[in-house]
There are 2 protein chains.
Amino acid sequence: MSANLIIDSITRHVQLSADEQQHFLSLLKPKTYKRKQFVLQDGQVCKYSTFVTSGCLRGFTVDQNGFEHVLNFAPVGWWIADMYSLLTQKPGILNIEALEDTEVLLLSKADQEKLYHEIPKFERFFRIITENSLVSFQQRLIDNLSLTAEERYHNFCRRYPTLIYTLPKKQIASYIGVTPEFFSRMQHKMLLKDKK
Amino acid sequence: MSANLIIDSITRHVQLSADEQQHFLSLLKPKTYKRKQFVLQDGQVCKYSTFVTSGCLRGFTVDQNGFEHVLNFAPVGWWIADMYSLLTQKPGILNIEALEDTEVLLLSKADQEKLYHEIPKFERFFRIITENSLVSFQQRLIDNLSLTAEERYHNFCRRYPTLIYTLPKKQIASYIGVTPEFFSRMQHKMLLKDKK
DNA sequence: CGTAAAACTTAATGTAGGTCAAGAAATTAC
DNA sequence: GTAATTTCTTGACCTACATTAAGTTTTACG
């Protein structure tokens, strides 16, 4: 059940009393999205931190030529938001879309800030997951600067083994930073190599 | 004076009493590095958060072909660390080197953690700067996926106007993700354009 | 179901940016 | 102040990946 999922994910990092758990849960608004529905569109102000309890979301930007670039995926158990917009409360550049029918829990920015003051352990929790997120984006940037597309794909497979089977290939291609056409050719080449 | 610099940079985000300021300052160890000296080498465990009070540091990785890739610069007033290694206390992949003679203040991981418990405002401060850092790395990743080298260079100039004049061009080239040769050509082309 | 849309593949051609080499200019350090 | 080192530039050639286009397979959904 989704309350367990989110509480467990927090108590892996900080301990919470029953009261604290209840209080936290009372702040969350459940919401469901149909496949292809948008959770957030660029130009909007991001008002919530979103926790995925079933399904999968993707965060992406659209460049001046209309091409999409996947910033991140949020499968079950992950948080997602347009961090820039959430922090500044200005219009953001991120689109967040449901890749399949998806259930989430929403925590409003106001409630999140209040929570930090009431129960500092929550500030600790979000500090820790933000630090982890920073480390993985730094690593991904380094990968983009120093690895070939094929190597980046291998890293993706190692880091998100479950997602490989559920995600459309064009989404994976976009995440690692190549076109679907090149991704297709790349996979073909890798198959030939493996056979040897 | 360097104590003012670091206190000011913190009190821009959280308010501190005189006692809290004193306590914080008492935890910092000043240290100086000569130009080209290493603050941290890959393979080492990162033990400190480093705040630059004069000079400039650069964080970079070395790939399997021996090429360097600049992850970040830390000019005066900035913090730097190998976040992965600092968090996990495992050997890291980041090198941190002084680009010129540089003075820093070191805050040990143990003291930083203790500080979080003693004075939650410091946990807030580091949460906020980590969030800001995350936003800028996300933006840089998006830039690398969607912009040309020339556009990334313009972004660099907008974001770090002071650094353009002090940094060797090859460092800027590495930061935006191109070779020094291509960077040189690119600047030449931009000059021709500007003249028109 | 059936059909429309979306996702995937393959091929031909194009290009942003890399590599290698070698000389010129600028910094550093003794 | 000058030799040594590092940085920057320029030229010829190269390659990983993009683009365009067309056909095929898979998936969604009325």
Side-chain angles (χ1 to χ4, degrees), chain A residues 33-38 55-56 58 60 62-70 73 97-102 143-156 163-193, chain B residues 33-37 55-56 58 60 63-70 73 97-102 143-156 163-193:
Chain A
Y33 295 95
K34 287 273 163 211
R35 188 181 131 80
K36 301 219 167 174
Q37 205 180 337
F38 277 73
C56 187
R58 70 187 259 256
F60 66 99
V62 179
D63 68 26
Q64 58 223 29
N65 304 313
F67 291 107
E68 299 183 355
H69 303 277
V70 173
F73 297 111
E97 181 205 32
L99 285 170
E100 40 190 289
D101 294 356
T102 299
D143 287 358
N144 272 280
L145 293 174
S146 56
L147 301 181
T148 64
E150 209 167 311
E151 292 167 319
R152 275 177 271 142
Y153 176 61
H154 283 306
N155 281 357
F156 180 83
L163 290 180
I164 316 169
Y165 304 105
T166 57
L167 288 177
K169 292 179 181 183
K170 64 179 289 202
Q171 301 300 341
I172 299 176
S174 173
Y175 182 94
I176 66 170
V178 296
T179 57
E181 293 90 340
F182 185 78
F183 187 74
S184 180
R185 300 181 128 269
M186 202 180 82
Q187 287 207 129
H188 182 68
K189 254 199 334 195
M190 288 166 64
L191 260 179
L192 294 180
K193 266 191 217 162
Chain B
Y33 294 95
K34 287 272 162 212
R35 188 181 133 80
K36 302 220 167 174
Q37 203 180 339
C56 186
R58 72 187 256 256
F60 66 98
D63 69 24
Q64 58 225 26
N65 304 313
F67 290 107
E68 298 183 358
H69 303 277
V70 172
F73 297 111
E97 182 205 31
L99 285 170
E100 40 189 289
D101 294 355
T102 297
D143 287 357
N144 272 279
L145 292 173
S146 56
L147 302 181
T148 64
E150 210 166 308
E151 291 167 322
R152 275 176 271 144
Y153 176 61
H154 282 307
N155 281 356
F156 180 83
L163 290 180
I164 317 169
Y165 304 104
T166 57
L167 288 178
K169 293 179 180 183
K170 64 179 289 201
Q171 301 299 342
I172 298 176
S174 172
Y175 182 95
I176 67 170
V178 297
T179 56
E181 292 92 337
F182 185 78
F183 186 74
S184 179
R185 266 184 256 279
M186 203 179 81
Q187 287 208 128
H188 182 69
K189 255 197 335 193
M190 288 167 63
L191 260 179
L192 294 181
K193 267 191 219 163

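Every chain is numbered from 1 and lettered A, B, ... according to where its sequence line falls, protein lines coming before strand lines.
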task: Can you label the angle between the B:F73 ring and the B:F156 ring as parallel, tilted or perpendicular, going by 30° and 60°?
output: perpendicular
[X] [atom1] to [N] [atom2]: how many Å, rounded?
X: A:K189; N: C:dT10; atom1: NZ; atom2: P; result: 14 Å
X: B:Q171; N: C:dT27; atom1: CD; atom2: C1'; result: 14 Å
X: B:Y165; N: C:dT27; atom1: OH; atom2: C1'; result: 20 Å
X: A:L167; N: C:dA6; atom1: CG; atom2: P; result: 18 Å
X: B:E100; N: C:dT28; atom1: CD; atom2: P; result: 10 Å

message: Holding to side chain to side chain contact (heavy atoms under 4.5 Å, CB included), I want the full list of residues that pass it with A:D63, two or more places apart in sequence or in another chain.
response: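 For A:D63, the residues satisfying side chain to side chain contact (heavy atoms under 4.5 Å, CB included) (neighbours in sequence not counted) are A:N65, A:F67, A:H69, B:S146.
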Residue list, side chain to side chain contact (heavy atoms under 4.5 Å, CB included) with A:F38, at least two apart or on another chain: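 In terms of side chain to side chain contact (heavy atoms under 4.5 Å, CB included), with neighbours along the sequence ignored, A:F38 is linked to A:Q41, A:F60, A:N95, A:E97.
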statement: The reported gap from CG in A:D101 to NZ in A:K34 (rounded to nearest 0.5 angstrom) is 4.5 Å
- request: State which of C:dC8, C:dT9, C:dG18 makes the closest approach to the side chain of A:K170.
  value: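 Per side-chain heavy atoms of A:K170, the pick is C:dC8.
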task: Would you please test A:E68 and A:K170 for side chain to side chain contact (heavy atoms under 4.5 Å, CB included) and show each step?
output: CA-CA 10 Å; A:E68 299 183 355; A:K170 64 179 289 202; 5.9 Å; no
field: Under-4.0 Å side-chain N/O to phosphate OP1/OP2 contact, A:K169 with C:dT9
entry: yes
query: Quick one: is B:R152 getting a side-chain N or O under 4.0 Å of the C:dG17 phosphate, OP1 or OP2?
result: yes
task: Have a look at the helix from C:dC1-D:dG30 to C:dC30-D:dG1 and give the angle its two end axes make, five pairs each, rounded to 10 degrees.
output: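 One end axis against the other gives 70°.
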- prompt: Using a heavy-atom cut-off of 4.0 Å to chain A, what are the terminal contacting nucleotides of DNA chain D, in 5' to 3' order?
  reply: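 The footprint of chain A covers D:dC17 to D:dA28.
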Minimal non-hydrogen separation, A:L145 against B:V70, with atom names: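 That closest heavy-atom pairing would be CD1-O, 4.2 Å.
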N/O to N/O distances under 3.5 Å, protein versus nucleotides 19-23 of chain C:
from, atom 1, to, atom 2, distance (Å)
C:dT19, O4, B:R185, NH2, 3.2

When the side chains of residues 178-186 of chain B are checked against the rest of the protein, which donor-acceptor pairs come out under 3.5 Å, sequence neighbours left out?
from, atom 1, to, atom 2, distance (Å)
B:T179, OG1, B:F182, N, 3.2

- request: Check every strand shown and say whether B:K36 touches a base, only sugar-phosphate, or nothing at a heavy-atom separation below 4.0 Å.
  value: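 Result for B:K36 = sugar-phosphate.
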